[in-house]
Amino acid sequence: MHAPVLAPSLLAGDHAHLASSARVVSEAGLSWLHLDLMDGHFVPNLTFGPETLAALRRAGCDLFFDTHLMLSAPHRYLEAFARAGSNLISIHLEPEYDHAAALAHIRTLGCQNGLVLNPDTPAAALEPFLGRIDLVLVMTVQPGFGGQAFRRDMLAKLRQIDSWRKERGLTFRLEVDGGVDLSTGRECREAGADTFVAGTSFFRATDKRAFAAAFAAL
Ligand code: DX5
Ligand code: ZN
């Protein structure tokens with residue numbers, strides 16, 4: 001079982017000072033940063049683009065970039081995000097494109113790959129890809145906005161994916177995103193998750209080192 005990783009989402013940071021918000025993550029003793037890319041089409045919101053990631057790198061940010069592409073055509077932007085400094089690139093299962101080719105392409109670009117499931121997408125949709133992914137991201141809210149309530153009905157999906165992982169001896173990470181705080185994070189951990197995206201709960205925590213330490217002990 002993987003040790004728990006907390007990946008704060010920069011979406012909940014200060015968008016006028018993103019490099020400072022990323023520094024807050026490093027100073028909490030963490031090594032992952034979750035970056036939410038939205039295209040106003042796959043989800044009804046817009047955030048930033050690859051140039052923002054590149055600028056964070058130029059500003060000295062050396063966190064592991066966990067890049068979550070909420071785009072209708074993610075396959076068109078893989079090179080741009082790899083070049084901008086992504087370490088892991090996750091793409092959604094719902095839009096129409098050649099998922100297998102895109103997942104393979106991410107690895108040839110030197111990044112880890114991840115596959116994301118919206119709440120309404122059943123775990124079974126993942127099955128053909130299980131042997132060729134580094135991470136599965138289970139959305140625990142409908143993607144598009146931070147600060148939404150955690151969907152407890154996603155716990156069964158986590159358990160299902162975790163049981164496949166064990167049965168087949170696979171080692172991909174199992175990540176959750178949306179409404180995750182220490183209490184919902186613990187429920188996800190019990191259901192098999194090992195990687196936790198936290199936007200609102202992380203940036204609102206007054207003692208971020210203690211918050212990070214509590215996740216590390218989940
Ligand atoms: C939602 C994004 C999340 C979001 C989580 O579409 O994918 O990463 O930032 O925010 P919280 O933790 O506030 O639910
Ligand atoms: Zn996300």
Side-chain angles (χ1 to χ4, degrees), residues 4-15 18 21-22 24-25 28 30 32-50 52-53 56 63-72 74 77-78 81 84 86-95 106 111-121 133-155 157-158 173-189 193-206 208 211-212 214-215 218:
V5 161
L6 176 62
S9 169
L10 201 57
L11 185 64
D14 176 351
H15 286 242
L18 289 176
S21 293
V24 167
V25 174
L30 295 167
W32 281 44
L33 183 67
H34 184 80
L35 296 145
D36 286 306
L37 286 301
M38 303 188 190
D39 65 355
H41 188 258
F42 178 61
V43 289
N45 196 4
L46 296 158
T47 51
F48 35 74
T52 304
L53 277 67
L56 288 167
L63 291 163
F64 181 93
F65 279 180
D66 168 24
T67 314
H68 176 193
L69 301 186
M70 284 163 273
L71 314 177
S72 291
Y77 300 94
L78 302 175
F81 283 104
S86 290
N87 300 98
L88 184 151
I89 301 178
S90 293
I91 53 179
H92 274 259
L93 252 173
E94 296 80 13
I106 293 171
C111 298
Q112 294 179 33
N113 65 19
L115 205 47
V116 195
L117 279 76
N118 275 345
D120 292 340
T121 304
I133 45 183
D134 299 304
L135 176 142
V136 170
L137 169 50
V138 171
M139 290 307 302
T140 42
V141 297
Q142 190 62 31
F145 299 91
Q148 304 181 72
F150 176 78
R151 294 257 313 245
R152 196 155 274 104
D153 54 332
M154 295 298 108
L155 293 170
K157 194 191 281 188
L158 289 172
R173 285 194 158 271
L174 185 49
E175 184 175 50
V176 285
D177 183 4
V180 175
D181 57 19
L182 201 49
S183 136
T184 57
R186 185 169 294 117
E187 294 182 63
C188 292
R189 180 68 171 158
D194 46 57
T195 309
F196 305 86
V197 177
T200 309
S201 62
F202 175 80
F203 281 99
R204 281 202 187 146
T206 43
K208 295 185 171 52
F211 184 86
F215 266 91
L218 274 185

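Index from 1, following the sequence. Model, not experiment: these values are computed from the prediction. Each ligand, and each atom within it, is numbered from 1 in the order the structure gives.
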* Asked: Between Met154 and Val176, does a side chain to side chain contact (heavy atoms under 4.5 Å, CB included) hold up when you go through it step by step?
  -> CA-CA 9 Å; Met154 295 298 108; Val176 285; over 6 Å; no
Given side chains that start at C-beta, do those of [X] and [Y] come closer than 4.5 Å, heavy atoms only?
X      : Y      : result
Leu78  : Leu69  : yes
Val141 : Phe150 : no
Val138 : Glu175 : no
Phe64  : Gln112 : yes

Would you check whether [X] has a nitrogen or oxygen atom less than 3.5 angstrom from a nitrogen or oxygen atom of ligand 1?
X      : answer
Gly178 : no
Leu11  : no
Gln142 : no
Thr200 : yes

Which of the atoms of ligand 1 are close to [X], meaning less than 4.0 Å from one of its heavy atoms?
X      : value
Met70  : 6 (O), 7 (O)
His68  : 7 (O)
His34  : 8 (O)
Asp177 : 2 (C), 3 (C), 4 (C), 5 (C), 7 (O), 8 (O)
Met139 : 7 (O)
Gly146 : 10 (O), 13 (O)
Val197 : 8 (O)
Asp36  : 2 (C), 3 (C), 4 (C), 7 (O), 8 (O), 9 (O)

* Asked: Should Gly179 be listed as contacting ligand 1, given a heavy-atom distance under 4.0 Å as the test?
  -> yes
* Does Gly147 come within less than 4.0 angstrom of ligand 1, counting non-hydrogen atoms of the residue? -> yes
* Polar side chain donor-acceptor pair, His68 to Asp66, under 3.5 angstrom -> no
* **ligand 1 versus Phe145: contacting region, heavy-atom distance under 4.0 Å** => backbone
* Heavy-atom contacts under 4.0 Å between Ser9 and ligand 1: side chain, backbone, both, or neither? -> side chain
Side-chain donor/acceptor of [X] to backbone N/O of [Y], under 3.5 Å:
X      : Y      : result
Ser90  : Leu137 : no
Asp177 : Met139 : no
Ser21  : Leu10  : no
Glu187 : Leu155 : no
Lys157 : Thr140 : no
Asp39  : Phe42  : yes
Thr67  : Leu35  : no

* Asked: Identify the closest protein heavy atom to atom 12 (O) of ligand 1: which residue and atom is it, and at what distance?
  -> Gly199 N, 2.8 Å
* Closest non-hydrogen protein atom to atom 6 (O) of ligand 1, residue and atom name please, with distance? -> Gly144 N, 2.7 Å
* CE of Met38 to CZ of Phe145: how many Å apart, nearest 0.5 Å? -> 7.5 Å
* Measuring from Asp36:CG to Phe48:CZ, what's the distance to the nearest 0.5 Å? -> 6.5 Å
* To do: For the Zn ion (ligand 2), report each protein N, O or S atom nearer than 2.8 Å, sorted by chain and then by residue number.
  => His34 NE2, Asp36 OD1, His68 ND1, Asp177 OD2
